[in-house]
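Each remark here refers to the structure printed beneath this line.
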Amino acid sequence: MTEPRTRSRSEERKAARARKKRIRVNWMRMSCALLVLFALIFAGLLFWPISATEEPEIIEEPEVIEPIHLSLRCAGDIMCHKPQLNAAYDSASQSYKFDEDYKYVAPYIQEADLALANVETTFRGDGNYKGYPIFNAPESLASAIKNAGFDVAFTSNNHMIDTGMAGVQNTIDVLRKYGLTTVGSRHEGENRSAIVDVNGVKVGIVAYTYESPIVNGYRTINGNYIPKGGNDLINSFRSDSRLAYAIDEDRAAIASEIQWCRNNGAQIVVTYFHWGIEYQRKQSDSEIKMAQFAADAGADIIFASHPHLLQGIDKFEIQVKYPEPEPEPEPEIVEEPKDPFVIRLRKLFGLIKEPEPEPEPEPEPKPEYWTKVVPVFYSMGNFISNQRIETLSDYTANARYTEQGMLACVDLDYNPETLEISNVVIKCIPTWVEKYNKNGKTTYYIIPLAGDFENNPELNASGHVNRAKNARQDVIDLVGAEYVY
């Protein structure tokens, strides 16, 4: 057996060098492979297509607040003379029935969002029913007024204290009993004016009547003394000329009521005035002056009556400042999310360029003011009464015009955001009071002179078609065709 050969020292050194060389070669190969792999990964990060995963930006459209449409109708003097009482009396039931009077005009009243009228009588409630000069009507008249479609009853007129302050107070109760809002008189502790909700819009209503001259130190209405404390419960004004233009102190009180409505949430304010000279067919300078004052004080619509005749229709234009915009809330600071590493890397090497910020458009200047159109009906005449050519021809040359009235019509749009009133349409529906003997009994009807009124059965039965046609033409000649339906 031979001994194993031992390597020499030189051979061992040679073998060690060979091992080191192999190790270096392997490391170089591995490093190259890693470098190539890194280069591929880096190239992928830079150039590999990225699928679009960003969600589309959702742009919220600003909420558009639509204007609210309102339709208002207002009637002049609803009177109850003695012949009307007699005609309304039903002997079979021993009661008074007035609903037939409004049979033909009721649809025009009921189509309104808010219908108002001057109720020129009292409801004392004592059964002692009377006509001129001391008006006192049965409460069934209040029921008929409500059934016709009216929502608001003005109680401020020159006959409001015909039956004393007890009559004033009971009149309020009777009208309210049948669902009518009353304005012009009040109970102790109540507000002088009213605010009603109409289609979501709060409408303030202010109503005042003129006073007659002071007698023996007492303020009066229609010559009747206003008792002590009475002025606190009725809305009346002293006038310095021609029964229309209020004295400074009372103008300030009226302006204060208009402002009270605003302060208590009213978005639209309607005013009613009982003013002017009886049987005068043209508005006086004092009426114009008082109407301008009311418009300047903030009234949006002005209705009026008392002369028992129609007078003109007009409008004022008032510059109103838009409300100050509410301050924008402080923007919430939200940290923007960082771009993914790949995006940041590509931006670093200039492969993705930041978009140039688009300049923000200059905001369009908004107007500071808008123009408010304030309709004015100087006198809406008699809505129903016994006044007519047969009863007043010896008293006034204008007797036939007392048969004529109107349903004053205002349509508008209200924007609750800008408080702007727009698209104001001012019209009237002429009316004529029919009175004739039907089946052995006197009857009254308010005939709307619109549509095919010439075929109205009452006009044809009475033979009064031409009188009604002439009445319509009188209204057109007075107020202008542009204001007549």
Side-chain angles (χ1 to χ4, degrees), residues 63-75 78 106-119 142-143 145-156 171-187 189-208 235 254-273 294-295 297-303 320 322-323 326 370 372-375 377 407-427:
E63 183 183 359
V64 177
I65 297 178
E66 294 292 335
I68 300 169
H69 184 75
L70 295 184
S71 172
L72 291 84
R73 304 286 181 265
C74 190
I78 294 177
Y108 293 92
I109 301 167
Q110 292 165 3
E111 70 183 8
D113 297 314
L114 182 67
L116 317 93
N118 172 48
V119 180
S143 171
I145 292 169
K146 178 62 180 178
N147 292 340
F150 288 107
D151 306 295
V152 177
F154 303 127
T155 57
S156 48
T171 296
I172 296 169
D173 292 336
V174 168
L175 291 168
R176 290 178 182 175
K177 174 181 175 180
Y178 291 100
L180 290 153
T181 296
T182 59
V183 188
S185 54
R186 63 176 182 158
H187 291 316
E190 293 182 343
N191 299 315
R192 284 190 180 274
S193 303
I195 298 176
V196 296
D197 188 285
V198 185
N199 291 352
V201 177
K202 293 192 179 302
V203 178
I205 307 168
V206 177
Y208 274 78
N235 293 356
I254 293 168
S256 177
E257 282 304 301
I258 293 172
Q259 189 58 48
W260 177 89
C261 290
R262 296 287 186 202
N263 293 344
N264 285 274
Q267 296 155 300
I268 293 174
V269 177
V270 173
T271 59
Y272 168 77
F273 294 108
D300 299 310
I301 303 170
I302 301 167
F303 297 118
V320 181
Y322 282 107
E326 293 186 7
W370 58 278
K372 178 172 71 171
V373 175
V374 180
F377 296 83
L407 199 56
C409 307
V410 178
D411 286 72
L412 56 87
D413 291 330
Y414 175 75
N415 188 315
E417 183 177 38
T418 64
L419 314 186
E420 188 174 358
I421 300 169
S422 60
N423 300 324
V424 178
V425 178
I426 308 167
K427 294 284 186 181

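In this chain, numbering begins with 1 at the start of the sequence shown.
At a threshold of 4.5 Å between non-hydrogen side-chain atoms, the residues I205 and F154 count as touching. Proximity of I426 to V373: side-chain heavy atoms (C-beta onward) are separated by under 4.5 Å at one or more points.
The two residues T155 and G184 make their nearest non-hydrogen contact at OG1-C, 3.5 Å. The two residues D151 and D113 make their nearest non-hydrogen contact at OD2-O, 4.0 Å. The two residues T181 and A194 have their closest heavy-atom pair at CG2-CB, 3.9 Å. In terms of heavy-atom proximity, A112 sits nearest to L72 at CB-C, 4.5 Å.
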Under the side chain to side chain contact (heavy atoms under 4.5 Å, CB included) criterion, do F150 and I78 qualify, and how do the steps go?
CA-CA 12 Å; F150 288 107; I78 294 177; 4.3 Å; yes

Before giving the answer on side chain to side chain contact (heavy atoms under 4.5 Å, CB included), spell out for R176 and T171 the whole-Å C-alpha distance, their side-chain angles and the decisive distance to 0.1 Å.
CA-CA 8 Å; R176 290 178 182 175; T171 296; over 6 Å; no

Hey, mind stepping through Y208 and T271 against side chain to side chain contact (heavy atoms under 4.5 Å, CB included) and telling me if it holds?
CA-CA 8 Å; Y208 274 78; T271 59; over 6 Å; no

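Note on ring orientation: taking the six-membered ring where Trp is involved, the planes of W370 and Y322 are tilted (angle from 30° to 60°).
In this structure, Y272 has its ring center no closer than 6.0 Å to that of F303.
With respect to the salt-bridge test (charged N to carboxylate O, under 4.0 angstrom), the residues E257 and R186 do not qualify.
Other residues, nucleotides and ligands contribute over 12 non-hydrogen atoms within 6.0 Å of the NZ atom of K427.
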